[in-house]
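Each remark here refers to the structure printed beneath this line.
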Amino acid sequence: MLRLALALLLGLSGVAHAQYNVPSQVTGSSVEIARGDAGVAKAPPARGWELGTSLDFVTRDGGALGGGLKFTDLVLLRAHGLVVLGERTELFGGVDLLPKQPSTTDELLWQSALVGLRQTWSKSLSGYARAQGGPAVARDGYWVMGEAAAQARVTLAEKVLYWESTLGGTYTQLFPDRGSKALWQTEALAQTGVAVRDDRGVFAAWLNFGFHFPVVARPRPSAPDPATDRALDPQTRVDVSLGMRIGVNRGLDLFIEAAILDRGERDQPRTTLPILAGGTDQRRLLFGFNRRFGARRR
């Protein structure tokens with residue numbers, strides 16, 4: 001129970017974005033939106049909010065579902081919301097649904113739920129925490145994940161080019177229907193990336209790299225669960241994402257992102273996780289939009 005509480009307090013990374021779908025350096029933080037480019041408060045910021053949805057097409061060569069997944073074999077529908085609380089705090093959450101899956105599988109329609117908090121400390125420093133959980137593959141119990149991290153942003157070219165790096169940690173715990181030992185692992189997280197956006201907010205693009213380094217995993221392969229022979233053996237992994245956003249007007253953004261997620265080896269199940277989205281090596285192509293109101297409007 002202690003590890004479960006810790007996981008819920010820390011939060012999760014999807015493709016490691018503090019705001020659930022697009023990087024903060026692309027959209028601007030609540031401080032940036034409320035104060036303006038000069039960093040001088042113009043007026044008390046109105047409470048703003050954001051709604052969005054996206055379709056996430058997942059492909060891979062193999063993994064927890066047995067065979068590989070081709071384009072349109074598996075599609076996740078992601079819906080999210082975000083609320084600006086004052087100048088420095090953003091509360092966000094969302095759900096992932098599974099409207100399309102292979103005919104050979106019987107996964108649940110609901111795949112995960114997420115909640116998180118982002119706090120801006122200064123123009124260049126911020127931090128976030130988030131939690132996520134959902135059913136395991138083949139409905140074998142459930143999982144929770146968590147992440148907490150600090151972010152530092154450097155403006156390389158005023159109003160145009162930004163560099164952001166993240167340092168933190170993640171926690172994952174599995175609760176299978178069978179077994180006598182809890183399965184959990186922790187990882188150190190390091191991310192870095194650049195983003196470019198025009199000063200009118202019409203176009204933006206980003207390139208991010210994420211690194212996950214195993215810290216502790218239990219049970220170890222040398223002492224697996226005696227009831228199921230299950231163990232965790234996480235490996236160092238690298239994720240890459242490339243995206244683009246187009247601002248249709250002051251309140252509506254369209255975006256697309258391509259990502260490659262790295263996790264373990266196909267022929268070594270202990271290096272992977274029984275999670276549909278992100279538990280094994282996979283490629284993801286995401287199309288979506290954000291509708292922004294109040295202080296979130298550019």
Side-chain angles (χ1 to χ4, degrees), residues 14-57 76-94 114 116 118 120 123-124 126 128 151 153-166 191-209 240-259 284-298:
V15 187
H17 299 158
Q19 292 169 283
Y20 199 37
N21 53 16
V22 295
S24 60
Q25 70 265 41
V26 173
T27 62
S29 67
S30 56
V31 170
E32 221 179 341
I33 295 167
R35 292 176 177 265
D37 296 330
V40 178
K42 297 179 180 180
R47 185 182 293 260
W49 52 290
E50 172 183 302
L51 295 174
T53 189
S54 60
L55 288 175
D56 195 350
F57 295 81
L76 289 168
L77 173 63
R78 169 172 293 175
H80 85 278
L82 180 149
V83 177
V84 177
L85 305 176
E87 291 187 5
R88 298 182 178 275
T89 304
E90 296 171 348
L91 178 66
F92 57 94
L114 175 146
R118 183 170 188 265
T120 300
K123 189 175 181 180
S124 58
S126 62
Y128 66 88
Q151 294 179 299
R153 185 177 69 172
V154 176
T155 301
L156 302 178
E158 190 66 29
K159 302 181 183 179
V160 178
L161 185 62
Y162 303 87
W163 174 36
E164 186 171 84
S165 294
T166 301
Q191 297 165 357
T192 189
V194 294
V196 57
R197 75 173 192 251
D198 70 300
D199 57 358
R200 295 181 300 170
V202 175
F203 173 82
W206 62 90
L207 174 64
N208 282 335
F209 299 91
V240 182
S241 60
L242 176 65
M244 178 179 68
R245 177 188 61 80
I246 297 177
V248 178
N249 54 43
R250 291 183 64 237
L252 179 62
D253 295 338
L254 304 178
F255 63 90
I256 180 173
E257 181 181 70
R284 306 178 73 168
L285 184 60
L286 186 146
F287 303 88
F289 76 90
N290 293 326
R291 185 69 172 90
R292 303 158 67 151
F293 306 87
R296 292 296 296 171
R297 292 169 65 89
R298 287 187 301 274

Does Asn208 use its side chain to pair, donor to acceptor, with the backbone of Ser241 at less than 3.5 Å? no
Over all atoms of both residues, closest heavy-atom pair of Gly116 and Leu91: O-CD1, 3.2 Å
Who are the side chain to side chain contact (heavy atoms under 4.5 Å, CB included) partners of Leu242, not counting sequence neighbours? Leu207
Does Phe92 form a side-chain contact (heavy atoms from CB on, under 4.5 Å) with His80? I'd like the steps, not just the answer. CA-CA 7 Å; Phe92 57 94; His80 85 278; 5.6 Å; no
Sequence neighbours excluded, which residues qualify as side chain to side chain contact (heavy atoms under 4.5 Å, CB included) partners of Ser124? Ser122
Step by step, would you call Glu90 with Glu50 a side-chain contact (heavy atoms from CB on, under 4.5 Å)? CA-CA 10 Å; Glu90 296 171 348; Glu50 172 183 302; over 6 Å; no
Looking only at heavy atoms, the pair that brings Thr166 and Tyr128 closest together is CG2-OH, 3.8 Å
Between CG on residue Leu161 and OG1 on residue Thr155, distance to nearest 0.5 Å: 9.0 Å
Before giving the answer on side-chain contact (heavy atoms from CB on, under 4.5 Å), spell out for Phe287 and Phe57 the whole-Å C-alpha distance, their side-chain angles and the decisive distance to 0.1 Å. CA-CA 9 Å; Phe287 303 88; Phe57 295 81; 3.8 Å; yes
What residues, two or more places apart in sequence or in another chain, satisfy side chain to side chain contact (heavy atoms under 4.5 Å, CB included) together with Leu51? Trp49
Thr53 side-chain N/O to Arg78 backbone N/O, donor-acceptor pair under 3.5 Å: yes
Quick one: which of Asp253, Leu252, Val84 gives a side-chain contact (heavy atoms from CB on, under 4.5 Å) with Arg292? Asp253
Distance col, row Phe255:CZ vs Ile246:CD1, nearest 0.5 angstrom, shows 12.5 Å
Between Leu286 and Ile256, is there a side-chain heavy-atom distance shorter than 4.5 Å? no
For Leu76 and Arg284: C-alpha separation, side-chain torsions, deciding distance, then whether side-chain contact (heavy atoms from CB on, under 4.5 Å) applies. CA-CA 10 Å; Leu76 289 168; Arg284 306 178 73 168; 3.6 Å; yes
CZ of Arg118 to CG of Leu85, rounded to nearest 0.5 Å, is 13.0 Å
Report yes if the side chains of Arg245 and Trp206 come closer than 4.5 Å at any heavy-atom pair, otherwise no. yes
